[in-house]
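Scroll down for the structure; my scribbles are underneath it.
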Amino acid sequence: MRKIGIIGGTGIYSPEALSGFVEKIVETPYGQALCNIGEMAGNKVVFITRHGVGHKTPPHKVNYRANIWALKSLGIEEIFATTAVGSLNPEMKAGHFVVCDNALDFTKSRINTFYDTPERGVAHVDFTHPYCPVLRQKVINCLKQTDITFHDHGVYVCTEGPRFETAAEIKMFAMLGGDLVGMTNLPESLLAREAEICYTNCSIVTNMAAGISPIPLSHKEVVEEMARSIKNMEKLITAFIAYNEPVEVECGCAHAMAEFGGFKL
Ligand code: HPA
């Protein structure tokens, strides 16, 4: 039995496939996390909606540590996270799905580690590849079996938000090699790595980024474009949960903290 966590971003609040799941508030040292727990395709599945019920928590206020801790304490070993993104890359257009393979962290105010107390000590985790290669391959294999237009790589730029970017920032991110811009993948992916949980992201392009888009950016545009992609994302989540075959790549996510004695709850 696989133990799968799904973190639903903007627009992905309660996938139909999860009907019959049981809601549970999980207490963590960082606060509470609301989890929906159930079973699908013979696997344990825990679903968390990142922005909370009714999309009330902005990206810089999401309790990323509570969410990842809760998933770890429920035994989750794989996390599939969805995110809405703007695109800097003319090939990546609205409605396209992107399985990112790297990231640039431009967040400013977020607590981005579990290792910030004397008890835990100092730890520097390897983050060369921020997304688990095994899970990326599973998602790519699932996408290949659909008619969804997707890209099997992309560099995700994480900004602090909640404002959208300036045109000059977007120009800079493009010069640095960024493909997509969003507000949530960091520190989420990093905390999952510290917690020794495999993590991958599938981004949905909702708009061209600031200064590339001919119109001012709006949350309404993001939400409306996400609404058009929800059925596709739900299909992908269901396929990912049911994808129980092995893939030809390996990862070291489960032992990411071995040098520091392993991650302990
Ligand atoms: N910028 C940042 N986050 C986003 C965007 C964007 O253009 N679109 C969707 N999420």
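All residue numbers refer to positions in the sequence shown, counting from 1. As the structure lists them, so they are numbered: ligands from 1, and atoms in each ligand from 1.
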### Task
Please report the shortest heavy-atom distance between Arg193 and Cys253, naming the atom on each side.
NE-SG, 4.1 Å
### Query
Under 4.0 Å from any heavy atom of Ala84, which atoms of ligand 1 are there?
9 (C), 10 (N)
### Query
What residue and heavy atom of the protein are closest to atom 4 (C) of ligand 1, and at what distance?
Val181 O, 3.6 Å
### Message
Centroid separation under 6.0 Å, is that true for the rings of Phe106 and Phe173?
### Response
yes
### Mode of Thr206 contact toward ligand 1 - side chain, backbone, both, neither (heavy atoms, under 4.0 Å)
side chain
### Query
Between Lys144 and Asp152, does at least one N-O distance fall below 4.0 Å, as a salt bridge requires?
no
### Query
Quick one: nearest non-hydrogen protein atom to atom 5 (C) of ligand 1, plus distance?
Gly86 N, 3.3 Å
## Note on the structure
If you scan protein heavy atoms around atom 7 (O) of ligand 1, the nearest is Asn207 ND2, 3.0 Å
#### Entry: Geometric N/O contact Val222 with ligand 1, under 3.5 angstrom
no
### Message
Need the ligand 1 atom indices (1-based, order shown) with element for anything under 4.0 Å from a heavy-atom of Met183.
### Response
2 (C), 3 (N)
### Message
Give me the nearest non-hydrogen protein atom to atom 2 (C) of ligand 1 as residue plus atom name, then the distance to 0.1 Å.
### Response
Glu165 OE2, 3.2 Å
#### Entry: Glu160: which of His60, Arg110, Lys108 passes side-chain hydrogen bond (donor to acceptor under 3.5 Å, both in side chains)
Arg110
### Query
Are any side-chain N or O atoms of Arg136 and backbone N or O atoms of Thr200, one a donor and one an acceptor, separated by less than 3.5 Å?
no
### ligand 1-proximal atoms of Val85, by part, heavy-atom distance under 4.0 Å
backbone
### Message
Closer than 4.0 Å to some heavy atom of Leu217 - which atoms of ligand 1 meet that?
### Response
7 (O)
### Query
For the ring pair Phe114 and Phe263, is the centre-to-centre distance below 6.0 Å?
yes
### Message
Checking side-chain hydrogen bond (donor to acceptor under 3.5 Å, both in side chains) between Tyr131 and each of Asn102, Asp101, Asn201, Asn185, which is the one that passes?
### Response
Asn185
